[in-house]
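Quick note on labels: first sequence line is chain A, next is B, and so on, each numbered from 1.
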Protein chains: 2
Amino acid sequence: MTLAAVKPIYWQVNTQVGDQVPDTREILMDTAERSIRLGGYNAVSFRELADALGIKSASVHYYFRKKEDLGVALVDRYSQRFFAVLEKRADGARTAEALLDAYCQTYRTALTSSDAICLCGMLGAETSGLPDAVSSAVRTFFRANLEWLVDAMPKGLDPAAKTARASHVLAALQGAMMLSHNMDDISVFDAAAEVVKAGL
Amino acid sequence: MTLAAVKPIYWQVNTQVGDQVPDTREILMDTAERSIRLGGYNAVSFRELADALGIKSASVHYYFRKKEDLGVALVDRYSQRFFAVLEKRADGARTAEALLDAYCQTYRTALTSSDAICLCGMLGAETSGLPDAVSSAVRTFFRANLEWLVDAMPKGLDPAAKTARASHVLAALQGAMMLSHNMDDISVFDAAAEVVKAGL
DNA sequence: CTTTGCCTATCTGGTGATAGGTAGGTCCTA
DNA sequence: TAGGACCTACCTATCACCAGATAGGCAAAG
C-alpha cells in the first residue's frame with residue numbers, strides 16, 4: 001500500500017562518528033555525488049547509479065523515493081562533511097589569516113581530492129533548473145559559508161565590510177574551482193586563492 | 001546523398017554590423033542560450049527549442065546538425081558579443097582602475113540583463129559532461145578573458161602578479177554570478193565586485 | 001509476522017538523430 | 001523566355017534509447 005511509501009526510510013542521518021557501515025545507500029550517494037560534481041544534476045540517472053552498484057534502478061528508488069530526495073540528501077551530507085573538515089582544519093587557528101588559510105585549503109582539498117568542483121558550486125550554477133528543495137539546500141550551504149567567513153574576519157572591520165569580504169572570498173573560491181577545473185590547471189585556483197588571502 | 005550532408009550550411013558567421021535579419025537560426029540560438037544559462041547544457045532539447053519557435057525538431061537539426069554544433073556556435077557568438085561590449089565599454093579608459101571597472105560592469109550587465117549566469121560560467125562548471133568541442137570553446141573564452149585582464153593590469157606589476165590577479169578577477173566574478181543567482185541577491189555580486197576593484 | 005533489501009516487469013514520456021519528401025525560390029543555359 | 005539544376009527552409013515519420021517512477025513479489029533477518 002501507500003503506507004509503506006509514506007513512511008520515510010533511513011531518515012536518521014548517520015551522524016555517529018564510529019560508523020563503519022559502507023552500506024548501499026552510502027555507496028549510492030558517493031557515486032551520485034561524483035557524477036553531479038562532474039556533469040551536473042542531470043548527469044546522474046537512477047539507471048546508471050544502479051548499474052554502478054550491480055543492482056536495479058527500482059532498488060535505488062527504495063533508498064531515495066524521488067531524485068529530488070537524493071539531491072537534498074547529497075547536499076546535506078556534503079555540507080556536514082565540509083564543515084567538519086573545515087572546523088578540524090581551523091582548530092587552533094587564532095588569527096584571521098590562519099582561519100582564511102584553513103578555509104582556502106578546505107576548498108582546495110575538495111577540488112584536488114576528487115578532481116571535481118564543489119557539489120554546491122555545480123548545483124548553485126544549475127539553480128534555476130533544479131527542484132526547489134535542492135536549490136534551497138544549496139542556498140543554506142552558502143549562507144552557512146558566509147556566516148563562517150564573517151566570523152573569521154579580522155575583528156577590526158565593520159559589519160558591512162565583513163559581509164562584503166565574505167561574499168568575495170566565497171565567490172572567488174567557487175569561481176576558481178570552476179575555472180581551474182575547466183582549464184585543467186590547478187595553478188589557476190592557487191593564484192586566485194593567493195590573491196584572496198593577500199587581500200586580508 | 002552524403003554530399004549534401006558534408007557541405008556545411010550557414011558556416012559564415014554573421015559578423016556584419018548592419019545585419020537586421022532576426023532569422024530562425026538566430027532565434028534558435030537566443031532560446032537555447034537562455035535555457036543553458038538557466039539550467040545547463042542538458043536543459044535544452046531540440047524538441048523544446050522547436051516548440052518555442054513553432055517548428056519541428058527535425059528543422060532544428062537543419063540549422064545545427066548535432067547538439068554539439070549548437071553548443072559551439074553558442075559559445076562563439078557569446079564570446080564575440082562579450083568582447084564587443086567590453087571593448088566599447090573600455091573604450092577611452094586609460095587607467096587600470098577604469099578598465100577593471102568596465103570589465104566588472106560587463107559581467108554585471110550579463111547577469112542582470114538576462115537574470116541568468118554567464119553562458120561560459122555554466123558550461124565551465126559542466127565541463128566534464130560536455131562534448132570536447134564545447135568545453136574547449138569555453139576554455140578559449142576564459143583564456144581570452146585572462147589575456148584581456150593581464151593587459152589591463154597596472155603597468156608596474158611583474159608578469160606573474162598580473163597573471164595571478166587576472167585569474168583572481170575572473171574567478172571572483174564568475175563565482176559571484178553563480179552565488180548571487182542562487183541566493184537571488186544582486187548585492188552579493190556587487191559586494192564581491194567592490195572588493196575585487198578595491199584590490200587594485 | 002513484520003521489516004529490510006532487493007527483485008521483475010511495466011508505464012509514460014522525453015531524447016538526439018536520421019531518412020526522405022516538398023513547396024517555393026534563384027540562377028544558369030539554350 | 002523557358003527549362004532544368006540546384007538551394008532553402010521546412011515537413012512527416014520513425015528509430016533506438018533512456019528518463020523517472022510505480023506495482024507487486026520474495027527471501028532472509030529480527
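Which of dT18(C), dC7(C), dA9(D) sits closest to the side chain of I55(A) comes down to dC7(C). The side chain of R47(A) sits closest to dG20(D) out of dC11(D), dC6(C), dG20(D). Picking from dA21(D), dG16(C), dC10(D) the nucleotide with the shortest atom distance to the side chain of H61(B) gives dG16(C).
A straight line from CZ of F64(A) to C1' of dT22(D) spans 18 Å, rounded to a whole angstrom. Taking atom CG of D51(A) as the reference point, atom P of dC17(D) lies 15 Å away to the nearest angstrom. Atom OH of Y63(B) is separated from atom C1' of dC11(D) by 12 Å (rounded to the nearest Å). Nucleotide dG13(C) holds its P atom 20 Å from the CZ atom of F46(A), rounded to whole Å. In this structure, E26(B) places its CD atom 13 Å from P of dA9(D), rounding to the nearest Å. The separation between K67(A) atom NZ and dA21(D) atom C1' is 13 Å, rounded to whole Å. Counting to the nearest Å, the C1' atom of dG5(C) and the CZ atom of R65(A) are 17 Å from each other. Put simply, CG on N42(A) is 15 Å from P on dG14(C), counting in whole angstrom units.
At a threshold of 4.0 angstrom between heavy atoms, the contacts of E48(A) are confined to the sugar-phosphate backbone, with no base atom among them. Across all strands, V60(B) comes closer than 4.0 Å to no nucleic acid atom at all (heavy-atom distances).
Put simply, Y62(A) has a side-chain N or O that comes within less than 4.0 Å of OP1 or OP2 on dG5(C). Phosphate proximity of dC11(D) to S59(B): present, with a side-chain N or O under 4.0 Å from OP1 or OP2. Of the side-chain N and O atoms in K56(B), one or more sit less than 4.0 angstrom from OP1 or OP2 of dT12(D). Between T24(A) and dC6(C), a side-chain N or O to OP1/OP2 separation shorter than 4.0 Å is present.
If you look at F189(A) and Y107(A), their ring centroids are not closer than 6.0 Å. Between F64(B) and F46(B), a ring centre-to-centre spacing not shorter than 6.0 Å is recorded.
Taking the ring centre of Y41(A) as origin, the terminal cationic atom of K67(A) falls inside the region bounded by 6.0 Å and 45° from the ring axis.
R65(B) places no side-chain N or O within 3.5 Å of a backbone atom of L70(B) that could act as its donor or acceptor partner.
Side-chain atoms of S114(B) and R37(B) form a donor-acceptor pair, as typed in the model, at a separation below 3.5 Å.
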